[in-house]
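So the structure is just underneath, and the comments pick up after that.
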Amino acid sequence: MSGSSAVSGSAPCRFAHYFVICGIDTDTGLEPDELAALYQWLEADRQGRDPDTAATGENFEQSPLKRTFKSKVLARYPENVSGNPFDQDAVNMLCMPKGLSFRTQADQRRPQFHSFIITKEDGSRTYGFVHTFYEEVTSPQICSAMQTLYQMHNAEHASANPPSSSSSSSSSSMDSLASSLDEADSPSSSLSSSRAAGSYDSSRDTLYVSKALCLITPMPFMHACRRFLSQLHRAVTAATAPPLPLESYVHNILYEVPLPAPGRSLKFHGVYEPIVCQRPGLGELPLADFSLAEAFSLLGVENLVQVFNCTLLEMQILLYSQDYQRLMTVAEGLTTLLFPFQWQHVYVPILPASLLHFLDAPVPYLMGLQSKEGTDRSKLDLPQEANLCFVDIDNHYIELPEDFPQFPNKTEFIQELSEVLLSFGISAKAGAPPRTHSSPGSTPSTPNREHKTVALRQLVDDGRNGNLAGEELTVLELLQGNATLERLQALTKRTGVMVAHVDALRAGVKAQGTEGQGNRTAAEEEEIRNAKLNVQLREVFASRFITMFADYESFVIQSAPDLESWLTNREQMHNFDKASFLSDQPEPYLPFLSHFIETQMFATFIDNKIMSQWEEKELLLRVFDARIDKARLYNVRAPSLRSSNYQRCSVLKESGYPITQTTAPSPHPHPPTAIEQRLMKIDHTAIHPHLLDMKIGQGKYVQGFFPKLQADVLNTGPSNNKWSHRTASAQRRKDRLRQKTEHLNLDNDLKEGCLVLQNSMAFWEWDNASPPPIKPPKKSASASCLKYMQEARSLGKNLRQPKLSDLSPAVIAQTNWKFVEGLLKECRMKTKRMLVEKMGREAVELGHGEANITGLEENTLIASLCDLLERIWSHGLQVKQGKSALWSHLLHYQAREEKLEQQQADSPVSYVPERRKSDSSISLPSLHISLIQDMRHIQSMSEIKTDVGRARAWIRLSLEKKLLSQHLKQLLSRQALTKKLYKRYAFLRCEEEKEQFLFHLLSLNAVDYFCFTSVFTTIMIPYRVVIIPIKKLSNAMTTSNPWVCVSGELGDSGIMQIPKNVLEMTFDCQNLGKLTTVQLGHDNAGLLAKWLVDCVVVRNEITGHTYRFPCGQWLGKGVGDGSLERVLIGELVVPNAEEDSGRGCWTPPLQRSPTQARRISITSLSGRGTKPTSGQIQEAIGEAVNNIVKHFHKPEKERGSLTVLLCGENGLVAALEQFFHHGFKSARLFQKTVFVWDFVEKAVAYMESADQMGDLQETAEPLGMTCQSVCRYVNAINSTSRNIGKDGKFQLLVCLGARDRLLPQWLPLLVECPVILRMYEDTALLRDRTPVNTLIGVLETLHDFPITLESSLVKGIDL
């Protein structure tokens, strides 16, 4: 073809790539829509009916005018464009998503406009704009075929049951294919033989069929394409022929209208009027021509912000509307507002109803589904709802997933958006349509004109009239019509008081009234207003991200020397320092940000940033970075950026705000915005349409019929275009960009699976080849990129339009193979991340390295795991039951197991008593591992109201018990049940992948999670307590009345009496959290009151967490330190190998009470056991204080127990006790053990007697006060009603001194006291001024922190 080089060469710079006509092919006649049949087949398969009978034969029950018939691409010009090959199946399906529609003269035949998008393999997009109208059917064959179908339908209907049964089950499936926007007759459930019901008789009725004109363009110039297509249609329906043949206009837009350059405007000519479009400059927000005002009006500001939040968190988002254009408007609006981020997953704004099963995709998606009038939400059976955001556009209603973080400063953000909308005269409430000068057919029409006034009245009553909600209009009318109020407002203005809301209202009305004063037409005015509003709304969203990510560059980790090494090691690298970034953010932002920085869109954004070292910056990133630099100029990383105070958008005036909201109107008009400047001064005017070298007499004008265009003149373009030389460089740039996206795609977990959906946005199948091989290890970046590109290309080639005869479960299984692989990869990455982060954290607590995960982040990762499990369980379901697929499966399992239990209970079985390990040792009976028991625990929790919530709680409980992998393995071991619930291609029926998945989950047993205990804080939990005495040295039982009190991070159980002669008891109590202390005591009654207790063991009977509280001391008067009550510090017990066979690894223990061995080595004075050296003692004190300081530097929610750091094995009390014991003189005065507390008491007695004799009156005032304070504290401890013993008293004194910042003041007094000479040797640390001064300095570092003590420690102390 002579002109082909010109055609292909100039394609990237052309305004439009293709002009397409779709409609009925008169040669092949009426063909039922194959896709509709396919949909029936899938519906039948899903509902368990025989699919083959469903897909054969006609659906005679349905009125023929309502059935879907196959449309075809009748013509396309040119044949092909290089770089954008024509995808015939996809274009045909998206031009007419529901196939051909038939009408008679009695029906409404208003033209419709909609747009669509095709996402190609490399992620690039092309846009389609479609004008659909009705054309009279002139073919007698088609009219008679329709007549025959009606006769068959009537015969079928007459022979069927009475009308009551006629509302067939197909209404929810087949009928949903037929849009009701352009249906005037009543729904098919009330089929009557009356004329009004849409019957057809060829002798008296005229038959019309839908036809679509479509422009396919590389950029979304929606308004310009809409105008061009509607003028083209007007030329066909006008009484007189258009000035030139239609070929001239089509040829002109295809070959002679260039794309506007960035920052420039372009004017070209339609059939009747010129059309202007403009493209933003390189520093501006990218082109977005879909009306955001309409999106906000359809959903309302609050709803749209919520859906936007779900989009940012990469949930599954399903838009639902009768109107295709509404689906596109909302979908494009959402993705536009993501700037500077880009949606990385499945994006199908119009999903034809025949492809409904694509909602089964176990990946995040943003899809639009066309609804049918009269079908409500409940009839829509969606496979996956646990993580779904459902958006019913027509009813202004959204359904949100459970439990997700809110967007930061949401209330102020909504307020600012509402003010912007109001200033343009648009209500912020849902359902108020924006005021537009619409072209015919742009708004849905009411079927019957006589109802129009009623509908209008209702709209007014609903507050949905025009631009302002009723209440706002009333306020404005009241103000304008009332002189007193006018004067009052003028007065408030003069005194500087502002009535902002009223000003904003008036601004909107004035803006509408005055803006059209120039020489622009109303339509141009409307376009400028829309463009300005779009920019302003986008600026408000962009400014939120600029505030949140102002410093993101500081946290990007640039670790690779060049692009090749970066690509090679991409998967192993950390590109962003998430922990440091989060620690730098305001507290209220953290729940949202910790989720958001885990998303694919954020990862891709950071990848783009890193690659910008070696390649040209990606457009969105370039604009965003420029905005941040500009913000820095005005605000040099001021503290305000770190605060959570809301910062309003500062660039609204520049982007064309009609009137400032909170200040008095400026007398000087604002300078025109960039948009206005471009539209007032046109930069480029395209060549006018002109006569072409055509054969005379072809394509003759017939009113109402679109002519057959001459292909020979439309398939070739002029070869001498002055702008065609721009192509080569543009093409090179495009190739570079494509390569870059391919580089980035190496990291996209599920992108490969998504390609199956995205390639042509239709339903395809794999060629009957074996699945693609698993990729070998990467050799080099270029090799891997090349391999990836080849794979992507071959994937595109292997997909084709399905033939119904080929369709089989095996084919669908192959299509789903990528999803299965993607889910497994995601599981591997998520478990690895959870493991690495958690292990890193625990290594820090053991003293290695730095912490890099917060409790918040851990919670985010667990929520993400719950979401993944829900997606895996909902993949390939036979029939959906309930919103949570996992919980539904568990309930089926529970029902079967309980039935089996019942059967076993009914049959007589010989009873074998459970054998205890040894009767002589007292220990906890082992906790029975039972999936069903864990389910019952969850079912008994009244706090959880939904299935999704129960499934998440069950996952958290299983994870905390280290049983998640084991439980799921048990659940899936019932293969008969899995087969009953899942199709053959489901993930859970892929044996090898399932095994690997369970193995990855098993690796999580290596770390301890408290994700159930820490989340469900208000539930009642049964606890079991066992007291273990040391039998060799004392009686196993005591004659006294023992009691116990268990405390945890969330509260305590209160004092509970232990029944006599019983060493084990259970009690129910509100969740105590992680257990910290146990108070154990008795009343010393009876002959055998003394009791030597080894330890106390407490177990949480739901989570199985067991805590051991070591004691190793006597309880009783006249033995040990005479204590009748002790406070014991707990340690989490690691399950032994027998109990833990199914669970894997364990974590090192936490700190605990000082052990018996240490107690004895300190207090026994026979010199047995090695005593610590003075250096070791000082080191221990430094370590103990250091741990307390670290504790306060952690975020509040992650600090754990301070009691452990004060009183635990390596705590402050133990370290100070060693300091005081160093050089303590032989304690066997008269064979009686002397304790440190004895020294303290003697010192206090000396101070008190010295004070009475007046010796202390000469001392300095502060010292006198300190003497009084130490005496007061010691006396208060001695006079308490609690019998806590001498060790317990010393512990309490240290804790109170640390809390009240008095320890460093008390030490010099104790050291100066003459008692020290009698009780300590010369070498003792207490008698050496240097270590004492060092100790005072170390203890003073604790003064910066607010130390609070557990009530179990300070109970009964009156100061």
Side-chain angles (χ1 to χ4, degrees), residues 38 41-49 51 316 346 355-365 381-388 749-750 752-754 756-757 763-766 770-772 807-828 830 865-893 896 947-948 951 955 964-965 967-1001:
L38 161 65
W41 190 95
L42 288 158
E43 275 285 288
D45 181 44
R46 210 162 53 78
Q47 291 167 7
R49 293 181 281 121
Q316 294 181 321
V346 178
L355 311 184
L356 190 63
H357 60 285
F358 272 152
L359 298 173
D360 197 11
V363 291
Y365 58 66
D381 191 11
L382 300 169
Q384 224 280 57
E385 288 189 53
N387 206 33
L388 180 77
D749 314 354
L750 290 167
E752 297 161 46
C754 301
V756 177
L757 272 172
F763 177 73
W764 318 274
E765 57 163 282
W766 293 81
S770 59
L807 203 70
S808 67
V811 172
I812 296 176
Q814 283 179 312
T815 309
N816 275 274
W817 181 82
K818 270 287 184 202
F819 283 142
V820 170
E821 195 190 34
L823 286 169
L824 185 63
K825 184 177 178 185
E826 193 180 351
C827 178
R828 183 176 71 242
K830 279 192 172 153
L865 178 72
C866 293
D867 162 44
L868 173 68
L869 293 179
E870 278 293 359
R871 284 191 279 128
I872 285 174
W873 253 259
S874 61
H875 182 242
L877 264 177
Q878 294 275 17
V879 180
K880 188 178 114 347
Q881 295 166 340
K883 282 201 171 185
S884 166
L886 173 58
W887 190 250
S888 168
H889 193 170
L890 284 165
L891 289 174
H892 277 102
Y893 175 84
R896 287 197 171 198
D947 284 355
V948 173
I955 293 167
L964 183 59
S965 179
H967 276 350
L968 292 177
K969 188 173 185 176
Q970 192 180 339
L971 176 67
L972 296 171
S973 66
R974 301 287 183 268
Q975 290 190 336
L977 178 61
T978 313
K979 280 182 180 171
K980 179 185 160 194
L981 296 177
Y982 289 92
K983 294 178 183 163
R984 218 178 309 173
Y985 64 80
F987 181 95
L988 297 177
R989 289 185 64 185
C990 300
E991 288 306 315
E992 196 178 321
E993 282 76 12
K994 186 175 77 182
E995 286 304 314
Q996 288 184 50
F997 157 72
L998 292 171
F999 175 75
H1000 292 314
L1001 290 183

Checking side-chain contact (heavy atoms from CB on, under 4.5 Å) for the pair Leu971/His967: CA distance, chi angles, key distance, verdict? CA-CA 6 Å; Leu971 176 67; His967 276 350; over 6 Å; no
With rounding to the nearest 0.5 Å, note down the distance linking CG in Asp947 to NZ in Lys883. 10.0 Å
For Glu991, check side chain to side chain donor-acceptor pair (under 3.5 Å) against everything at least two apart and list the hits. Lys994
Kindly compute the distance separating OH (Tyr365) from CG (Leu388), expressed to the nearest 0.5 Å. 5.0 Å
Partners of Glu992 by salt bridge (Lys or Arg N to Asp or Glu O under 4.0 Å), sequence neighbours excluded? none
Could you tell me which non-hydrogen atom of Ser965 sits nearest to which non-hydrogen atom of Leu998, and how far apart they are? OG-O, 2.8 Å
Residues in salt bridge (Lys or Arg N to Asp or Glu O under 4.0 Å) with Lys969, at least two apart? none
Output all residues satisfying salt bridge (Lys or Arg N to Asp or Glu O under 4.0 Å) with Glu870, sequence neighbours left out; order by chain, then residue number. none
Smallest separation among heavy atoms of Pro364 and Gln316, with atom names: CA-CG, 4.0 Å
Spacing of CG belonging to Leu886 relative to CG belonging to Leu869, to within rounding of 0.5 Å: 6.5 Å
Measure from the side-chain N and O atoms of His875 to the backbone N and O of Pro362, and report whether any donor-acceptor pair falls under 3.5 Å. no
Not counting sequence neighbours, which residues clear salt bridge (Lys or Arg N to Asp or Glu O under 4.0 Å) with Arg974? List them please. Glu897
Across all chains, not counting sequence neighbours, the side chain to side chain donor-acceptor pair (under 3.5 Å) partners of Glu993 are none
What are the two closest heavy atoms between Gly876 and Tyr985, and how far apart are they? CA-CE1, 3.8 Å
Taking side chain to side chain donor-acceptor pair (under 3.5 Å) as the test, write out the residues that go with His892, two or more places apart. Gln881
Return the CG to CD1 distance between Leu865 and Ile955, rounded to the nearest 0.5 Å. 6.5 Å
If you take all heavy atoms of Gln878 and Lys979, which pair is closest and at what distance? NE2-O, 4.1 Å
Using 30° and 60° as the class limits, which term best fits the ring planes of Trp873 and His889: parallel, tilted or perpendicular? tilted
State which residues pass side chain to side chain donor-acceptor pair (under 3.5 Å) with Tyr982; sequence neighbours excluded, sorted by chain then number. none
List the residues meeting side-chain contact (heavy atoms from CB on, under 4.5 Å) with Leu891, not counting sequence neighbours, and say none if there are none. Trp887, Gln894, Met935, Gln939
Ser884 backbone acceptor or donor facing Glu385 side chain under 3.5 Å: no
Taken to the nearest 0.5 Å, the spacing of Leu968 CG from Leu988 CG works out to 9.0 Å
